[in-house]
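What follows is a structure written as structure tokens; I'll ask about it next.
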Amino acid sequence: MSNLIDGKTQAARLREEIGRQVSRLRQRDLITPGLAVILVGEDPASQVYVRNKATQAREAGMASFEYRLADSVPQSKLLDLIERLNRDPEVHGILVQLPLPPQIDEARVIQAIHPDKDIDGFHPINVGNIATGGHGMVPCTPLGCLMLLKHRLGELSGKRAVVLGRSNIVGKPMASLLLHEHCTVTVAHSRTQDLAALCREADILVAAVGRPGMVKGDWIKPGAAVIDVGINRIEADGCTRLVGDVDFGSASEVAGAITPVPGGVGPMTIACLLLNTLQATCRQYDIPVPDDLVSRAWDDAAAEPV
Ligand code: GUN
């Protein structure tokens, strides 16, 4: 088996299964899951992400509502919009694309989203639920990483995991999720000493630092699973290229399993956003979501140990 973890194919399968569930919901219960995405400003990368999220929501049969606000929008306007969407029965999930411009208090905005509609899983109530092992909304990127890891490795219990990066979006929730899987987890960051030696102890290495190619092959324990969350745009030979936080060339010689960039974690993040939107919709109407939704999507590609 190749050591490549093909997030693009796995995400496409997951989206298909989500699409089937959405279509059942529409036909049987006359409910169309609705995703509202808010973009403030004109950051080119954020524009691409938001467009992809909206397009893939529509392709899965969901209703997609897009709001684009000027970079200079006052915080009160954004909060008013969120309040309106919280009350809108056609909107089941709300996402405010981050980062936000400096006049806007990110924490205040996240807290304004109703926890039941917080499909990013950033609201303190959902963060608390994940931290305590309850049933909160799980942030999309760590959820996607965990699905890929479990699919490839099977049981994660007892494995040594190192998470590089301590962001609220990826590093911290990733560490919580791995802990719940009974991994021994270390969160490393810019002040961690002897990062390379620490990484070499990891059976599972998740890199989410936003530094192109930082993790080299000789940082990796032979056979380890490497999940590259980085999406860095670099200029090379007059064109822009996307690269991860892992130096794929050298790392893929050593790793037992590795996600590429692009085509690894990125597509899974959006598929998990759709999954969270479906789940949020079902919860709001007290309709059960099949427990085996992910295995239904991935069944014919059963887990094989690295
Ligand atoms: N910006 C980068 N990643 C994310 C994400 O997962 N959700 C939101 N809302 N903004 C982001």
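Indexing begins at 1, ligand by ligand and atom by atom, following the structure's order.
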**Request:** Classify the side-chain pair Asp247/Ser250 by whether it contains a donor and acceptor separated by less than 3.5 Å.
**Result:**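 Yes, side-chain donor-acceptor contact under 3.5 Å.
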**Request:** Give yes if a backbone or side-chain nitrogen or oxygen of Ile169 is under 3.5 Å from a nitrogen or oxygen of ligand 1, and no if not.
**Result:**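 No, there is no polar N/O contact under 3.5 Å.
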**Item:** For Val96, the ligand 1 atoms whose distance to one of its heavy atoms is below 4.0 Å
**Value:**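 Numbered from 1, ligand 1 contributes 8 (C), 9 (N).
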**Point-to-point distance, once rounded to the nearest 0.5 Å, from CD1 of Ile18 to SG of Cys272** =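 Interatomic distance, Ile18 CD1 to Cys272 SG, rounded to 0.5 Å: 7.5 Å.
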**Prompt:** Of all the non-hydrogen atoms in the protein, which one sits nearest to atom 1 (N) of ligand 1, and at what distance?
**Reply:**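 The protein heavy atom lying closest is Leu98 O, 2.9 Å.
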**Request:** Before accepting this row, confirm whether a basic side-chain N of the pair Glu83/Arg87 lies closer than 4.0 Å to the acidic partner's carboxylate O.
**Result:**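 Salt bridge flag = yes for Arg87 with Glu83.
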**Request:** Ignoring angles and geometry beyond distance, decide whether Thr141 reaches within less than 3.5 Å of ligand 1 through its nitrogen or oxygen atoms.
**Result:**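 Looking only at distances, the answer is no, because the N/O contact criterion of under 3.5 Å is not met.
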**Message:** Could you identify the single nearest non-hydrogen protein atom to atom 7 (N) of ligand 1 and state the distance to 0.1 Å?
**Reply:**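 Going atom by atom, the protein heavy atom closest to atom 7 (N) of ligand 1 ends up being Asp120 OD1, 3.0 Å.
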**Atom NZ of Lys8 with >12 non-hydrogen neighbours under 6.0 angstrom** =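 Counting neighbours around NZ of Lys8, 12 or fewer heavy atoms of other residues, nucleotides or ligands fall under 6.0 Å, so no.
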**Request:** Look only at interatomic distance and state if Gln97 has a nitrogen or oxygen under 3.5 Å from any nitrogen or oxygen of ligand 1.
**Result:**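 Yes, since at least one N or O of Gln97 sits under 3.5 Å from an N or O of ligand 1.
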**Asked** Taking heavy atoms and a distance under 4.0 Å, where does Leu95 meet ligand 1: side chain, backbone, both or neither?
**Response**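 Side chain only.
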**Request:** Tell me, please: is Tyr49 in heavy-atom contact with ligand 1, that is, under 4.0 Å?
**Result:**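 The answer is no, since Tyr49 has no heavy atom less than 4.0 Å from ligand 1.
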**Message:** For the CD1 atom of Ile82 and the CD1 atom of Ile38, what is their distance to the nearest 0.5 Å?
**Reply:**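 The CD1 atom of Ile38 is 5.0 Å from CD1 of Ile82, to the nearest 0.5 Å.
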**Asked** Asp203 and side-chain hydrogen bond (donor to acceptor under 3.5 Å, both in side chains): which partner among Arg160, Lys159, Lys221?
**Response**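 Filter result, single survivor: Lys221.
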**Message:** Any nitrogen or oxygen of Pro99 lying under 3.5 Å from a nitrogen or oxygen in ligand 1? Just yes or no.
**Reply:**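 Min N/O separation from ligand 1 is not below 3.5 Å for Pro99.
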**Request:** Among residues two or more places apart or on two chains, list those pairs meeting side chain to side chain donor-acceptor pair (under 3.5 Å) that have a residue in residues 104-119.
**Result:**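 For residues 104-119: Asp118-Asn126.
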